[in-house]
Number of protein chains: 2
Amino acid sequence: MGSLANRIEEYLKGILDQAEEGYIIFQRGFLADFFSCAPSQINYVLTTRFTAERGYLVESRRGGGGYLRVIRLGLDPDGKFQRLMAELIGEELSQERANNLIDRLEEEEIFTKKEAILIKSIFADSIFVDLVPSPEILRARMMKEILANICRDDINV
Amino acid sequence: MGSLANRIEEYLKGILDQAEEGYIIFQRGFLADFFSCAPSQINYVLTTRFTAERGYLVESRRGGGGYLRVIRLGLDPDGKFQRLMAELIGEELSQERANNLIDRLEEEEIFTKKEAILIKSIFADSIFVDLVPSPEILRARMMKEILANICRDDINV
DNA sequence: GAGTTAATGGTCAATGAAGGTCATAATGTC
DNA sequence: GACATTATGACCTTCATTGACCATTAACTC
């Protein structure tokens with residue numbers, strides 16, 4: 001739980017929450033020094049924690065004056081988001097990517113905690129084992145179906 | 001009676017009873033050391049004593065910073081869920097029976113309208129077609145998983 | 001302006017640190 | 001003694017962390 005990667009993740013998210021612009025900029029070496037770790041550890045945290053499914057975009061620049069920029073992506077409520085998601089999901093969806101997506105939707109308050117738990121529970125590989133030859137494809141189908149139904153007007157009546 | 005497995009079981013249940021959050025987290029190696037046993041003995045205790053039918057869920061994470069989490073399922077006074085779950089094991093569940101069951105649970109306010117819509121939407125035959133040879137068995141498995149997770153004590157924390 | 005150098009960040013393979021699985025041995029129970 | 005339960009150890013998978021080496025950019029020199 002209290003791994004270094006987790007602490008760096010929390011730290012960055014904390015700053016990001018404060019950032020009015022919706023993004024933060026910092027230098028890799030500086031952050032690595034701050035946490036007394038290898039610089040590549042920062043890349044590890046960024047690639048595993050700040051992915052598109054989780055709602056983040058990372059930009060960078062090398063050379064003197066180089067930097068890392070982590071951008072928090074917002075959702076727009078007019079359904080453009082669902083199309084983007086569907087595109088992001090594609091034809092296959094692993095359990096891990098599904099979990100990331102669902103967590104993200106919970107953060108955006110599109111799902112309640114209960115909904116997130118229930119959906120994640122039936123998206124687990126262990127549910128499909130021995131019954132579904134291509135769990136990734138089925139998961140993608142189910143996730144898209146859920147996204148489509150979220151848009152229904154009558155869903156919260 | 002005073003087997004090691006029983007002592008570990010009692011120990012975990014004791015802590016779990018105190019836990020306000022409805023779950024406990026610990027490391028397998030630490031617990032194994034504490035009881036001077038093989039780490040796999042912990043798995044044995046968890047898989048034989050902390051099953052959904054007995055009122056528990058177990059989650060875990062591997063790798064550095066890994067952990068085990070045992071979640072207490074809430075009381076189910078009439079044993080309704082437990083009976084339903086037991087029935088669904090190895091059972092088959094058609095789309096129609098699933099819809100009826102979900103509707104009933106919505107009437108009993110176990111599910112919100114939104115939850116019912118979402119779950120029914122991904123339980124449809126059309127989702128499974130060409131991907132799942134035995135959709136009825138998969139549906140039963142998913143339904144059982146959902147019933148178990150509904151009872152999670154940490155779901156509203 | 002071209003070339004050089006220093007200051008960044010990127011990649012990847014190796015290693016460490018957890019938990020998972022399974023066959024089998026040991027122990028209890030009747 | 002036969003069967004069921006418990007306990008272990010060898011081997012596997014997943015996640016974290018580091019360091020060596022690579023790529024890009026800015027600044028500096030001429």
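So you know, we letter chains A, B, ... as the sequences are listed, proteins then strands, and number each from 1. Only this structure's heavy atoms are used, side chains among them; waters, hydrogens and symmetry mates stay out.
Both tests pass for B:K13 against the ring of B:F50: distance under 6.0 Å to the centre and angle within 45° of the axis. For the pair A:R72 and A:Y56, the distance from NZ or CZ to the six-membered ring centre is under 6.0 Å and the angle to the ring normal is within 45 degrees.
Judged by distance alone, with hydrogens and angles left aside, the side-chain atoms of B:E115 form a donor-acceptor pair with the main-chain N or O of B:T112 at under 3.5 Å. When atom types are taken as modelled, the side chain of B:E145 and the backbone of A:I122 share no donor-acceptor pair closer than 3.5 angstrom.
The side chain of A:R28 contributes no N or O atom lying less than 4.0 Å from OP1 or OP2 of C:dT11. Contact annotation: B:Y44 side-chain N/O to D:dA7 OP1/OP2 distance is not under 4.0 Å. Contact between the side-chain N/O atoms of B:S3 and the OP1/OP2 oxygens of C:dT27 is not found at any separation under 4.0 Å.
Rounded to whole angstrom, the span from the CG atom of A:N43 across to the C1' atom of C:dT8 amounts to 12 Å. When the C1' atom of C:dA17 is taken as reference, atom CZ of B:F26 falls 17 Å away, rounded to whole Å. For the pair A:I25 CD1 and C:dG9 P, the interatomic distance rounds to 12 Å; values are reported in whole Å. Atoms CD (B:Q27) and P (C:dG20) sit 12 Å apart, rounded to a whole Å. C:dT21 atom P lies 11 Å from atom CG of B:L68, rounded to whole Å. Counting to the nearest Å, the P atom of D:dT8 and the CD1 atom of B:I8 are 9 Å from each other. For the pair B:R49 CZ and D:dT5 P, the interatomic distance rounds to 10 Å; values are reported in whole Å. Residue B:F30 contributes atom CZ, which lies 11 Å from atom P of C:dG19 at whole-angstrom precision.
For B:E10, there are no side-chain hydrogen bond (donor to acceptor under 3.5 Å, both in side chains) partners at least two apart in sequence or on another chain.
Contact check of residues 31-41 of chain A against DNA chain D (heavy atom, cut-off under 4.0 Å) returns A:C37, A:A38, A:S40, A:Q41.
Across all strands shown, A:R69 has no heavy atoms under 4.0 Å from either base or sugar-phosphate atoms. Using a 4.0 Å heavy-atom criterion, one finds that B:I42 contacts no nucleic acid atom at all.
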Which atoms of nucleotides 25-27 of chain D (N or O only) lie under 3.5 Å from a protein N or O atom, and what are those distances?
residue : atom : partner : partner atom : Å
D:dT25  : O3'  : A:R61   : NH2          : 3.3
D:dA26  : OP1  : A:R61   : NE           : 3.2
D:dA26  : OP1  : A:R61   : NH2          : 2.5

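The environment of A:E109 atom CD is sparse: at most 12 non-hydrogen atoms of other residues, nucleotides or ligands sit within 6.0 angstrom. The local environment of CD in A:E96 is sparse, with at most 12 non-hydrogen atoms from other residues, nucleotides or ligands closer than 6.0 Å.
Taking the charged nitrogens against the carboxylate oxygens, B:E59 and A:K120 have no contact shorter than 4.0 Å, which rules out a salt bridge.
If you check the side chains of B:R97 and B:N100, you find no donor sitting under 3.5 Å from an acceptor.
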